[in-house]
Amino acid sequence: MSTDWDDIKREYETTDISLSDLADKHGIKYPTMKSRKQRQGWTKDASADAKDASSQARDASKRSRAGPPRGNKNAVGHGAPKGNQNAVGNDGGAPKGNSNAVTHGFFRKFFPEETLEIMEQIETRSPLDMLWDNIVIQYTAIIRAQQIMFVRDQQDETRVLKKQKEGETSFEQEWEYQHAWDKQATFLQAQSRAMATLQSLIRQYEDMCNKGLATEEQRLRIEKLKGEVKLLEQKATAETDKPIEILIKRKDDAK
């Protein structure tokens with residue numbers, strides 16, 4: 001279910017709910033909610049009842065605050081020196097339209113909302129988590145390839161239409177044939193490259209773990225994945241003999 005940011009913004013601006021409570025209520029991470037508030041310039045404009053309640057709370061807080069004894073001079077000498085001009089020209093905040101507080105103030109001018117939301121989520125992830133994401137994506141692609149590039153047997157032939165020409169009295173078609181041994185060899189080569197990339201990512205992850213940058217959970221999940229990859233490599237090794245057997249049978253059939 002998509003997030004209705006218009007309703008969330010309206011709730012924030014017309015009630016006295018805090019940003020953190022609003023994030024919890026709608027199941028959104030606080031950094032994402034905060035970034036959205038900053039990018040879209042949400043401002044509190046609560047209803048009259050909410051404002052009155054807030055005002056009463058502030059008044060009660062003031063009445064209960066004790067304050068220093070009469071004649072206390074603790075703060076003497078702590079103000080800005082006479083003639084100090086640090087605040088000259090400061091009218092109470094950053095210039096209108098200023099984007100200093102916006103994490104992606106530069107990008108929001110050019111990127112669509114969907115891209116900015118992804119960037120907000122990325123901000124909450126550590127470099128180790130990002131590396132793990134790459135490992136999972138790579139491993140998922142390798143597993144999915146087992147089904148897409150599966151070769152049933154040596155009769156598993158694929159025929160693809162490359163060109164077709166039709167005249168008044170003729171009809172021509174050009175086909176491309178992919179034999180089982182060709183498809184198997186292509187699959188093994190692609191899988192070898194993908195596995196090499198995966199192993200490289202795993203080594204990077206382990207290096208970061210060895211430097212004390214990982215939690216116990218993060219260390220355990222890479223150990224589990226290494227076991228799964230080892231089984232997949234054993235299966236791939238067993239498959240390497242199949243193209244040779246097919247070629248031998250093909251030559252014997254031709255005799």
Side-chain angles (χ1 to χ4, degrees), residues 1-3 104 106-123 125 127-208 221-255:
M1 185 175 65
S2 60
T3 303
H104 300 294
F106 171 76
F107 297 110
R108 73 174 180 177
K109 299 178 182 178
F110 311 103
F111 288 5
E113 285 293 322
E114 292 80 2
T115 303
L116 290 171
E117 287 186 18
I118 294 173
M119 294 174 70
E120 291 169 3
Q121 295 294 331
I122 290 175
E123 284 183 345
R125 301 189 65 75
L128 190 63
D129 286 330
M130 293 182 188
L131 182 56
W132 175 254
D133 292 341
N134 284 327
I135 291 173
V136 171
I137 292 171
Q138 180 72 6
Y139 186 52
T140 301
I142 291 173
I143 296 299
R144 187 166 181 265
Q146 308 303 310
Q147 296 178 336
I148 296 176
M149 303 186 72
F150 174 73
V151 180
R152 186 178 63 256
D153 52 36
Q154 69 184 86
Q155 276 75 44
D156 189 346
E157 182 180 81
T158 301
R159 189 177 70 157
V160 180
L161 180 62
K162 290 183 63 179
K163 188 186 300 182
Q164 181 172 296
K165 183 178 180 181
E166 184 175 359
E168 293 182 1
T169 58
S170 63
F171 179 75
E172 298 179 3
Q173 288 183 326
E174 182 180 341
W175 296 85
E176 177 183 339
Y177 288 85
Q178 297 176 351
H179 302 289
W181 47 88
D182 296 324
K183 295 196 293 182
Q184 182 75 359
T186 300
F187 169 55
L188 292 174
Q189 291 173 3
Q191 181 172 255
S192 295
R193 290 193 297 269
M195 290 295 292
T197 301
L198 178 61
Q199 291 287 11
S200 176
L201 291 171
I202 290 175
R203 284 194 296 272
Q204 293 178 45
Y205 191 95
E206 287 184 307
D207 288 342
M208 295 181 73
R221 69 185 182 187
I222 197 65
E223 291 300 326
K224 178 177 180 294
L225 179 62
K226 284 172 62 179
E228 295 175 358
V229 171
K230 186 174 181 179
L231 292 175
L232 187 62
E233 286 180 327
Q234 292 173 350
K235 179 182 177 182
T237 301
E239 292 286 330
T240 55
D241 293 335
K242 288 189 176 181
I244 297 176
E245 295 174 359
I246 294 173
L247 287 172
I248 292 174
K249 290 179 181 179
R250 184 186 180 194
K251 290 180 180 178
D252 290 342
D253 292 340
K255 292 180 180 179

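What's counted below: heavy atoms across the whole structure, side chains too, no hydrogens, waters or symmetry copies. Quick note: residue numbers are just sequence positions, from 1. Since the model is a prediction, treat every value here as computed from it, not as a measurement.
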So how far is it from [X] [atom1] to [Y] [atom2], rounded to the nearest 0.5 Å?
X    : Y    : atom1 : atom2 : result
R159 : Q173 : CZ    : CD    : 7.5 Å
E206 : L131 : CD    : CG    : 10.5 Å
K183 : T158 : NZ    : OG1   : 2.5 Å
I202 : L225 : CD1   : CG    : 4.5 Å
Q121 : L116 : CD    : CG    : 12.0 Å

Original post:
side-chain contact (heavy atoms from CB on, under 4.5 Å) with Q189: which residues, sequence neighbours excluded?
Top reply: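 Counting only residues at least two positions away or on another chain, Q189 forms a side-chain contact (heavy atoms from CB on, under 4.5 Å) with R193.
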Quick one: does [X]'s side chain get under 4.5 Å of [Y]'s, heavy atoms only?
X    : Y    : answer
D156 : Q184 : no
E228 : L232 : no
T186 : Q178 : no
K163 : E176 : no
Q191 : M149 : no
V151 : W181 : no

**OP:** Tell me, please, which residues at least two apart from K230 pass salt bridge (Lys or Arg N to Asp or Glu O under 4.0 Å).
**Re:**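 Partners of K230 under the salt bridge (Lys or Arg N to Asp or Glu O under 4.0 Å) test: none.
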Subject >> Heavy-atom pair with the smallest gap, counting every atom of N134 and L201 >> reply: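 Nearest heavy atoms, N134 then L201: O-CD1, 3.9 Å.
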Original post:
Considering all heavy atoms of both residues, which atom of W175 and which atom of L161 are nearest to each other, and what is their separation?
Top reply: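 Reported closest heavy-atom pair: CE3-N, 3.3 Å.
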**OP:** Could you name each residue pair satisfying salt bridge (Lys or Arg N to Asp or Glu O under 4.0 Å) that touches residues 127-142, not counting sequence neighbours?
**Re:**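 Non-adjacent pairs meeting salt bridge (Lys or Arg N to Asp or Glu O under 4.0 Å): R125-D133, D129-R221.
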Original post:
Within the side chain of Q146, is there an N or O that forms a donor-acceptor pair under 3.5 Å with the backbone of I142?
Top reply: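 The answer is yes, because a donor-acceptor pair under 3.5 Å joins these two groups.
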**OP:** Indicate yes or no for a side-chain donor-acceptor contact from Q138 to the backbone of A194 under 3.5 Å, with no hydrogens or angles considered.
**Re:**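 Such a contact is found between Q138 side chain and A194 backbone.
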Original post:
Just wondering, are more than 12 heavy atoms of other shown residues or ligands nearer than 6.0 Å to CD in Q147?
Top reply: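 Count not over threshold, so no.
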